[in-house]
K.L.:
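Please see the structure below; I have some questions.
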Amino acid sequence: MKKGLLSLILAVATAAVTFTGCGAKESSENVFKVGMEAGYAPFNWTQLDDSNGAVKIDGSAEYAGGYDVEIAKKIADSLGKKLVIVKTEWDGLGPALTSGKIDAIIAGMSPTAERKETLDFTDIYYKSDLVMLVKKGGAYENSNTLKDFSGAKITAQLNTFHYSVIDQIPSVNKQTAMDNFPAMRVALESGVIDGYVTERPEALSAQMANEKFKMVEFKDGFTTSEEDTAIAVGVAKGSELKDKINEILKGISQEDRLKIMDEAIKNQPAAQ
């Protein structure tokens, strides 16, 4: 009788473990884990509450908002999954995707040839021009050509094509690349650098957040490829998500994309 009771207990315990395991698997399959640095306004940023549709960052008391978050929400809804934002340093986004920590990168990332060697990318969901952010009232405020920045102390974010194009500026004083945009804004305001290369939405965002900054648009600007200035969703090599996300992106009109970006620029936290 003791043997029979023991067998019954083991059977119940095994069933409980199996059931729990299945529940965990189903839970995992019902989420869409998106990686972003949450520090590249207006594409993505970090804030303290869920205002303006921000989404809680996984494992944190903070929230992520911005253009990328809104696009990620649309994709997650269409996939029928819960959106989970995984805040990740820029250099860690690729490894996080290939290791399975996240399902996709939606972080203002360009589908460059180098990145395509290890990742797959969807169709473009935003396209922007390169500009320079400088100090308002400074020596470079009225610049509009690359030659105007000869001798200037210029930088860009580490491991981005923004940094590589600095070499196109004649006699530029190229500075060490920096880890993130908040750090570059601090360096610019303090005079450590004269400017940094960025995309138009980020520069508009910075200009709106700080009256000491000014965006410089070029008449004779950087030479770039279309893939450099385009932004797409990164997924793992061979992932079936690529085709699914492409279908979803087709349903977001250009008018809606511009409207989402305008709202993101307006809603960005001042600290960003």
K.L.:
The criterion is side-chain hydrogen bond (donor to acceptor under 3.5 Å, both in side chains); which residues satisfy it with Lys127, sequence neighbours excluded?
P.N.:
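For Lys127 the side-chain hydrogen bond (donor to acceptor under 3.5 Å, both in side chains) partners, ignoring immediate neighbours, are Thr229.
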
K.L.:
Please verify the inter-ring angle class for Phe43 with Tyr67; under 30° counts as parallel, over 60° as perpendicular, anything in between as tilted.
P.N.:
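Taking Tyr67 first and then Phe43, their aromatic rings stand perpendicular (interplane angle over 60°).
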
K.L.:
Using side chain to side chain donor-acceptor pair (under 3.5 Å), reason through Ser60 and Lys87 one step at a time and then give a plain yes or no.
P.N.:
CA-CA 9 Å; Ser60 170; Lys87 186 174 181 178; over 6 Å; no

K.L.:
Taking side-chain hydrogen bond (donor to acceptor under 3.5 Å, both in side chains) as the definition, give me every residue that meets it alongside Ser253, ordered by chain and number, with sequence neighbours left out.
P.N.:
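Counting only residues at least two positions away or on another chain, Ser253 forms a side-chain hydrogen bond (donor to acceptor under 3.5 Å, both in side chains) with Asp256.
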
K.L.:
Do Glu226 and Ile124 have side-chain heavy atoms sitting under 4.5 Å apart?
P.N.:
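With C-beta onward as the side chain, the pair touches.
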
K.L.:
Apply the test side chain to side chain donor-acceptor pair (under 3.5 Å) to residues Asn180 and Glu37: give CA-CA distance (whole Å), side-chain angles for both, the deciding distance (0.1 Å), then the verdict.
P.N.:
CA-CA 9 Å; Asn180 54 63; Glu37 57 184 328; over 6 Å; no

K.L.:
Is the shortest distance from a Lys or Arg side-chain nitrogen in Lys244 or Glu247 to a carboxylate oxygen in the other one below 4.0 Å?
P.N.:
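Salt bridge: no.
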
K.L.:
For Leu48, is the CG atom crowded, meaning more than 12 foreign heavy atoms sit under 6.0 Å from it?
P.N.:
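It does not: Leu48 CG has 12 such atoms or fewer within range.
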
K.L.:
Kindly write out the residues that satisfy ring pair (Phe, Tyr, Trp, His ring centres under 6.0 Å) with Tyr163, not counting sequence neighbours, or none if the list is empty.
P.N.:
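For Tyr163 there are no ring pair (Phe, Tyr, Trp, His ring centres under 6.0 Å) partners, ignoring immediate neighbours.
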
K.L.:
Between Asp167 and Lys174, does any side-chain N to carboxylate O distance fall below 4.0 Å?
P.N.:
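Counted as a salt bridge, because a side-chain N and a carboxylate O are separated by less than 4.0 Å.
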
K.L.:
Any side chain to side chain donor-acceptor pair (under 3.5 Å) involving residues 147-156? Give me the pairs, sequence neighbours left out, ordered by first then second residue.
P.N.:
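For residues 147-156: Thr145-Asp148.
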
K.L.:
Using the side chain to side chain donor-acceptor pair (under 3.5 Å) rule, collect all pairs that involve residues 214-223, keeping only residues at least two apart or in two chains.
P.N.:
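Checked against side chain to side chain donor-acceptor pair (under 3.5 Å) - neighbours excluded - the pairs reaching residues 214-223 are Arg200-Glu217.
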
K.L.:
Measure from the side-chain N and O atoms of Thr88 to the backbone N and O of Val86, and report whether any donor-acceptor pair falls under 3.5 Å.
P.N.:
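Yes: the side chain of Thr88 pairs with the backbone of Val86.
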
K.L.:
Below 4.5 Å, heavy atoms only, C-beta onward: do Ile75 and Ile106 meet side chain to side chain?
P.N.:
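Side-chain contact under 4.5 Å: yes.
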
K.L.:
Keeping to residues at least two apart or across chains, list the ring pair (Phe, Tyr, Trp, His ring centres under 6.0 Å) pairs with something in residues 220-250.
P.N.:
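Listed by first then second residue: Phe218-Phe222.
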
